Structure formats: structure tokens, C-alpha cells
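Just so you know, these numbers use all the heavy atoms, side chains as well, and skip hydrogens, waters and symmetry mates. Small disclaimer: the values here were computed from a predicted structure and weren't measured.
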Amino acid sequence: MSSSAAPAPVFDPWQPSFVADPYPAYAALRERGRAHYYARSRQWLIPRHEDVRALLRDRRLGRTYLHRFSHEEFGRTAPPPEHEPFHTLNGHGMLDLEPPDHTRLRRLVSKAFTPRTVERLAPVVERLADELVEAFVAEGGGDLVAAVAEPLPVAVIAEMLGIPPADRAQLRPWSADICGMFELNPGDEAARRAVRASVEFSAYLRELIAARRRNPGEDLISGLVAAYDEGDRLTEQEMISTCVLLLNAGHEATVNSTGNGWLALFRHPDQLALLRSGPDALLPTAVDELLRYDTPLQLFERWVLDDIEVGGTVIPRGSEVALLFGSANRDPERFPDPDRLDLSRTDNAHFSFGGGIHYCLGAPLARLELAASFGALLRRAPGLRLVAEPRWNPGFVIRGLRELLVEV
């Protein structure tokens with residue numbers, strides 16, 4: 001009688017079963033080596049924590065290559081002309097810029113995200129979270145993603161930007177359509193939706209910027225307009241792209257962190273009971289552990305501007321690397337017992353906010369929002385429980401739940 005070992009889990013980001021649980025495939029990748037060429041997306045997959053940490057800080061890689069090369073010089077095909085509105089919008093945001101343009105933009109925007117500024121926002125964030133949770137509890141529960149996870153960060157970032165409440169319903173659909181282009185090998189329909197959203201969102205912000213120029217307020221858009229008017233080397237397109245980036249980054253990750261985090265807690269009742277017994281003391285470490293355990297941003301792409309070597313493998317200029325944050329966050333070389341959810345974990349160097357010069361500017365605000373919404377639910381709905389197996393969105397790069405049905 002013979003037996004054979006089960007085949008190793010396969011990295012296949014288009015498979016719903018993989019999206020639901022990519023972690024066994026990550027473990028197989030880490031076991032097999034430090035760099036793997038993945039022909040389907042034409043990328044080098046980097047699964048280990050130490051390599052991800054090093055490449056996030058390596059200046060031989062960049063989020064763009066156009067500051068040094070043309071498409072032809074880099075061996076790449078220029079995007080189709082009909083995609084131009086998306087690439088113009090995306091290419092002028094700081095996440096896809098390199099120094100010196102990145103440095104200049106980040107310096108201007110970072111004033112809105114200082115610890116002191118975020119601290120001043122705390123009462124507003126806590127009030128919004130309490131109101132959403134109070135209404136949710138009054139209904140007896142429902143879809144936690146739609147009722148609490150989505151509206152809170154959208155309201156906060158819209159408030160910071162100065163977007164009128166009546167206009168905020170448009171923001172989430174625009175953002176979702178634009179972010180569809182960040183998935184691996186997006187199709188024609190995803191591109192059409194992203195282009196349409198880019199055109200509409202840009203036109204809306206152009207009008208809002210003109211209104212703030214006529215009648216400035218205390219919001220971030222007014223601050224960017226003032227910097228532009230003072231000749232601080234900020235173009236209108238950079239203003240528009242910055243606002244879109246802040247909205248997309250400011251709520252997509254927080255929405256998915258909330259849903260993924262609660263699902264992790266429901267699946268680890270011992271940790272949920274521990275958190276319920278002392279939320280105020282445990283929430284700061286709990287938020288970071290939930291981010292590590294099931295990060296909403298699974299993958300971060302960078303271009304290889306000069307040849308690099310990873311674990312004896314030469315990755316040539318013109319290549320693209322996919323830094324697997326989800327895998328690095330579960331690397332046993334860095335985290336003891338990494339597949340265990342441990343809400344008291346303090347040594348928690350996860351990559352859910354990135355690293356290097358592109359480290360998330362809004363990380364303190366995201367932590368504040370997550371602590372506020374988790375805290376409000378723990379206080380007001382201590383018996384919160386899952387009532388249906390959740391469905392995942394099809395995207396893998398930005399990974400989150402379509403819905404999370406619970407009752408109180």
C-alpha cells in the first residue's frame with residue numbers, strides 16, 4: 001500500500017478558494033524559495049518578510065519607471081490611449097511617484113496627518129463610530145460591512161477633504177471602480193469602469209477646487225489650494241490625484257480591515273472573549289494583530305530600475321516584483337507561531353501599512369478609526385455573532401469581504 005503527500009497549495013489569485021484563504025499557498029512559496037517568477041502576471045513573487053522589508057527600502061526599485069525611462073527603453077508597452085484618464089489620475093498621486101516629486105507632495109500633505117492633527121480628530125471619529133453602531137444595534141444587526149465598516153472611514157476622509165455630505169454617496173463607487181485597476185491583469189470591463197470613474201471623479205474635484213478657491217475653508221482641499229496659490233509647486237492635476245489617493249487609501253483599507261478583523265475574531269472565540277473582557281487595554285495591540293493576521297493589502301508592486309539579486313536569483317531591470325505582504329505577515333522567521341491570532345502580540349512589524357518612503361501617511365488615522373469602531377461594537381453589542389458564512393470580493397490585491405452578516 002502506497003501513499004503520497006498532498007500537492008502543495010497553488011498560488012492562483014483568480015480562484016475564489018485562494019482568495020478566501022491564500023495563506024497555505026504563501027507557506028508553500030516561502031518553503032520553495034525567496035523569489036518565484038509567476039508567468040500569468042509576469043511578476044517576481046517575493047514571499048519572505050526580510051526580503052519584502054529590504055526591497056521596500058531599496059532605491060533600485062520604484063513605483064514608476066517613467067522618471068528614468070520611456071516605456072520603450074524599459075521594455076514595456078505603453079498603455080492604450082483610451083486608458084489615459086486613469087493613468088493620468090493615478091500617475092500624479094504620491095503613491096506612484098518617486099523623489100523628488102514624491103518628496104514634495106508628501107511634505108505638503110503630511111501636515112494634515114501629524115499625530116496632533118489625528119489626535120484632534122479622535123472625538124469626531126469616536127462620535128461617528130458610536131452613532132453608526134447605535135443605529136446598527138437598534139436594527140438588531142445586519143451587514144456589518146455596509147452599515148459600519150464602509151460609512152465610518154468615508155465620512156472621516158470626506159470631512160477632512162471638505163466634501164459636502166450630499167456628495168459623499170458617489171465616493172465609494174468611484175473608489176471601487178478605480179481600485180479595480182490595481183488587481184492583477186484587470187480586464188477590459190474593469191478598465192472601462194476605472195476610466196469612467198477617473199473622468200467623473202476628476203471633473204467633480206475640479207469643480208470643488210474652484211469652489212474652495214472662491215470660498216476657502218479649514219479643510220485639506222482648501223489647504224492644497226492655498227499651497228498652489230502660494231506657488232508651492234503643486235499642479236491642479238496633482239491636487240486632484242492627491243485627493244483621490246487619500247480617499248481610496250483612506251477608506252478601502254479600513255473598510256476591509258474591519259470586515260476581515262471581525263471575521264478573524266469570530267473564528268477565534270477565545271481571542272474575542274479576551275478582547276471583550278478588557279477592550280480598552282487590549283485594543284491598541286489587537287488592531288495591529290488583526291491587521292497582521294489578515295491584511296487587506298495582500299500585494300505591493302514595484303519596478304526593478306537596476307538589476308537586483310534575491311536569494312541568488314538575479315531579477316533584471318525592466319522586471320516587476322510583487323511584494324507579498326500577506327505572506328510576509330505570516331513568515332515564521334519573523335513572527336513566532338504566525339498562524340495564531342494573538343491579540344496581545346507586541347513585537348508586530350507587519351507590512352499592512354507598507355514601508356519605506358511609501359509607508360501609509362494615514363496609518364495613525366486608520367488605527368484610530370479601527371479602534372473606535374471595534375470599541376463601539378464591543379461595548380454596545382457584546383453578544384455580536386456571525387449568522388452566515390461570509391462572501392469575499394473577487395479581488396485579491398485589495399482583499400476584503402463583500403458582506404459580513406451578524407446579529408446582536
> Would R53 and E50 count as a salt bridge (Lys or Arg N to Asp or Glu O under 4.0 Å) if you check the C-alpha gap in whole Å, the side-chain angles of each, and the deciding distance to 0.1 Å?
Replying inline: CA-CA 5 Å; R53 187 196 64 78; E50 180 55 30; 2.7 Å; yes

>> Assess the residue pair Y293 and H350 against the criterion (ring pair (Phe, Tyr, Trp, His ring centres under 6.0 Å)); give the C-alpha distance rounded to whole Å, side-chain angles, the decisive distance to 0.1 Å, and a yes or no.
In response: CA-CA 9 Å; Y293 185 80; H350 62 74; over 10 Å; no

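The shortest distance between side-chain heavy atoms of F69 and R76 does not fall below 4.5 Å. Under the 4.5 Å side-chain criterion, counting only non-hydrogen atoms from C-beta, L378 is in contact with L272. Looking only at side-chain heavy atoms (C-beta outward), V19 and P13 stay at 4.5 Å or farther from each other. The shortest side-chain heavy-atom distance between L265 and F374 falls under the 4.5 Å cut-off. Residues P336 and R345 meet the side-chain proximity criterion, which asks for heavy atoms closer than 4.5 Å. In this structure, I308 and W44 have side chains that are not in contact, with every pair of non-hydrogen atoms separated by 4.5 Å or more. Between T313 and Y37 there is no side-chain heavy-atom pair separated by less than 4.5 Å. Looking at heavy atoms from C-beta onward, R399 lies out of side-chain contact with P296 at the 4.5 angstrom threshold.
A salt bridge between E207 and R214 is absent, with no side-chain N of the basic residue lying under 4.0 Å from a carboxylate O of the acidic one. For the pair R48 and D51, the salt-bridge criterion is not met [side-chain N within less than 4.0 Å of a carboxylate O]. A salt bridge does not link R59 to D306: none of the charged nitrogens lies less than 4.0 Å from a carboxylate oxygen. The existence of a salt bridge linking R379 and D130 is confirmed by a sub-4.0 Å separation between a basic side-chain nitrogen and an acidic carboxylate oxygen. With salt bridges taken as basic N to acidic carboxylate O contacts below 4.0 Å, none links D58 and R302.
Taking the ring axis of F335 as reference, the NZ or CZ atom of R292 stays within 45° of it and closer than 6.0 Å to the ring centre. Note that R192 lies outside the cation-pi zone of F86, set by a 6.0 Å cut-off to the ring centre and a 45° limit from the axis. For the pair R63 and W303, the cation-pi criterion (under 6.0 Å, within 45° of the ring axis) is not fulfilled.
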Can you give the donor-acceptor pairs under 3.5 Å from side chains of residues 239-251 to other protein atoms, not counting sequence neighbours?
residue, atom, partner, partner atom, Å
S241, OG, L89, O, 2.7
S241, OG, Q237, O, 3.0
S241, OG, Q237, NE2, 3.0
T242, OG1, E238, O, 2.7
N248, OD1, S175, OG, 2.7
H251, ND1, L247, O, 2.6
H251, NE2, R172, NH1, 3.4

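Of the N and O atoms on the side chains of Q298 and Y26, at least one donor lies less than 3.5 Å from an acceptor on the other residue. Side-chain N/O atoms of S257 and T254 include no donor and acceptor closer than 3.5 Å. In the model, S222 has a side-chain atom that pairs as donor or acceptor with a side-chain atom of D219 under 3.5 Å. In this model, a donor atom of one side chain and an acceptor atom of the other lie less than 3.5 Å apart for E200 and W174. Under the 3.5 Å distance criterion, with hydrogens and angles disregarded, no donor-acceptor pair is assigned to the side chains of D339 and Y23. Under the 3.5 Å distance criterion, with hydrogens and angles disregarded, a donor-acceptor pair is assigned to the side chains of S327 and R30. A donor atom on one side chain and an acceptor atom on the other are found under 3.5 Å apart for Y65 and H71. Side-chain contact, H358 with E98: a donor N or O sits under 3.5 Å from an acceptor N or O.
D188 CG: 12 or fewer foreign heavy atoms inside a 6.0 Å radius. Within a 6.0 Å sphere centred on CD of E31, heavy atoms belonging to other residues, nucleotides or ligands number 12 at most.
In this structure a side-chain-to-backbone donor-acceptor pair under 3.5 Å is missing from E301 to A322. Side-chain atoms of S202 come within 3.5 Å of backbone N or O of S198 as a donor-acceptor pair.
Partner of I398 under the side-chain contact (heavy atoms from CB on, under 4.5 Å) criterion, chosen from N256, L299, N393: N256. Of the candidates V125, L370, L128, V255, P153 forms a side-chain contact (heavy atoms from CB on, under 4.5 Å) with just one, namely V255.
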